[in-house]
Amino acid sequence: MGLQIFGKKKCSDTKKAERFFKERNIKFQLIDLDIKNISKGELTRVTRNINPNDLIDKESKEFQASNYKYMKFDPMEVLLESSKFTKTPIVALDKDSTLGYRPEVWNTWKLK
């Protein structure tokens with residue numbers, strides 16, 4: 001499996017991640033979470049390295065307007081239900097994954 005960026009077109013960190021890989025001529029697949037939700041398999045793979053609770057953007061206006069703000073919830077179910085609560089970008093390569101703009105980590109990956 002190749003490099004994947006799960007992000008949103010309006011997210012500045014997603015744009016920076018795209019630019020980072022483009023400048024290095026590294027091919028990647030962009031999954032726009034505003035259009036397509038993350039699949040269960042992809043989410044399971046990503047959460048091997050990232051705590052599911054960290055993937056939920058509790059500061060977003062969507063989360064603040066939701067009922068989740070007032071209740072206990074399973075983060076995996078929330079993330080599978082809707083990508084509007086997901087922090088971005090999530091960058092995944094094989095068994096590695098990161099959340100946010102993390103060039104210091106990506107530079108250690110065997111890419112190309």
Side-chain angles (χ1 to χ4, degrees):
M1 184 166 302
L3 183 71
Q4 294 180 303
I5 300 174
F6 299 90
K8 298 176 183 176
K9 288 286 184 187
K10 293 183 180 179
C11 171
S12 64
D13 281 345
T14 298
K15 291 176 187 177
K16 289 193 304 187
E18 287 182 77
R19 190 176 325 113
F20 175 88
F21 294 109
K22 283 180 182 176
E23 287 173 352
R24 288 155 182 79
N25 293 321
I26 297 168
K27 293 182 182 182
F28 61 87
Q29 175 188 18
L30 176 66
I31 295 92
D32 187 345
L33 294 177
D34 283 332
I35 297 172
K36 182 178 184 256
N37 207 17
I38 193 166
S39 73
K40 186 175 183 177
E42 292 165 334
L43 184 60
T44 300
R45 180 171 56 100
V46 165
T47 55
R48 288 183 194 142
N49 297 71
I50 304 169
N51 183 322
N53 284 310
D54 294 339
L55 290 172
I56 296 184
D57 188 358
K58 294 178 182 165
E59 304 303 317
S60 71
K61 62 183 177 185
E62 291 86 359
F63 187 85
Q64 292 297 315
S66 75
N67 289 331
Y68 292 120
K69 178 177 164 181
Y70 304 106
M71 54 195 250
K72 288 187 177 185
F73 56 85
D74 178 355
M76 295 292 278
E77 287 181 20
V78 171
L79 293 165
L80 288 172
E81 175 188 316
S82 175
S83 63
K84 66 184 176 186
F85 302 120
T86 308
K87 284 184 186 176
T88 57
I90 301 166
V91 180
L93 176 68
D94 301 323
K95 295 179 182 178
D96 295 318
S97 54
T98 61
L99 177 59
Y101 182 67
R102 303 287 307 276
E104 71 281 359
V105 176
W106 305 331
N107 279 323
T108 67
W109 292 355
K110 292 184 183 350
L111 299 167
K112 292 196 183 198

May I ask you to decide if [Y]'s main-chain N or O and [X]'s side chain share a donor-acceptor pair within less than 3.5 Å?
X   : Y   : result
S83 : N37 : no
D54 : I50 : no
R45 : D94 : yes
S97 : V46 : yes
T88 : I90 : no

With hydrophobic residues grouped by side-chain heavy-atom distances under 4.5 Å, do [X] and [Y] end up in a single group?
X   : Y   : answer
L33 : V78 : yes
I38 : L93 : no
V91 : L55 : no

Practice problem: Determine, step by step, whether Y68 and E81 satisfy the side chain to side chain contact (heavy atoms under 4.5 Å, CB included) criterion, reporting the C-alpha distance in whole Å, the side-chain angles of both residues, the deciding distance to 0.1 Å, and the verdict. | Solution: CA-CA 12 Å; Y68 292 120; E81 175 188 316; 2.4 Å; yes
Can you tell me how far apart [atom1] ([X]) and [atom2] ([Y]) are? Round to the nearest 0.5 Å.
X   : Y   : atom1 : atom2 : answer
D32 : K8  : CG    : NZ    : 9.0 Å
F20 : D13 : CZ    : CG    : 13.5 Å
M71 : S66 : CE    : OG    : 8.0 Å

[Y] and [X], any side-chain heavy atoms less than 4.5 Å apart:
X   : Y   : result
I5  : Q29 : no
L30 : T14 : yes
K87 : L99 : yes

Quiz item: Residues two or more places apart in sequence or in another chain: which of them pass side-chain contact (heavy atoms from CB on, under 4.5 Å) with E62?
Solution: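 With neighbours one apart ignored, the set is S60, K84, F85.
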Quiz item: Under the side-chain contact (heavy atoms from CB on, under 4.5 Å) test, which residues partner S39, sequence neighbours left out?
Solution: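 Once residues adjacent in sequence are excluded, the partners of S39 under the side-chain contact (heavy atoms from CB on, under 4.5 Å) criterion are E42.
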Practice problem: Take atom CD of E59 as the centre, draw a 6.0 Å sphere, and report whether it contains more than 12 heavy atoms from other residues, nucleotides or ligands. | Solution: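 Atom CD in E59 is not crowded, with 12 or fewer foreign heavy atoms closer than 6.0 Å.
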Quiz item: Under 6.0 Å from the CG atom of D74, do we count more than 12 heavy atoms belonging to anything else shown?
Solution: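 It does: D74 CG has more than 12 such atoms within range.
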Exercise. Check the pair T86 / D57 against side chain to side chain contact (heavy atoms under 4.5 Å, CB included), numbers first and verdict last.
Key: CA-CA 6 Å; T86 308; D57 188 358; over 6 Å; no
Quiz item: Is a salt bridge present between K16 and E18, judged by a nitrogen-to-oxygen distance below 4.0 Å?
Solution: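 E18 and K16: not salt-bridged.
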Quiz item: Do T98 and E104 pass the side chain to side chain contact (heavy atoms under 4.5 Å, CB included) test, and can you show the C-alpha distance, the side-chain angles, and the key distance before you say yes or no?
Solution: CA-CA 11 Å; T98 61; E104 71 281 359; over 6 Å; no
Quiz prompt | Steps toward side chain to side chain contact (heavy atoms under 4.5 Å, CB included) verdict (T47, M76) | solution = CA-CA 9 Å; T47 55; M76 295 292 278; 3.9 Å; yes
Quiz item: Can you list every ring-ring contact (aromatic ring centres under 6.0 Å, His included) pair that touches residues 21-40, not counting sequence neighbours?
Solution: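 Qualifying pairs: F21-W106.
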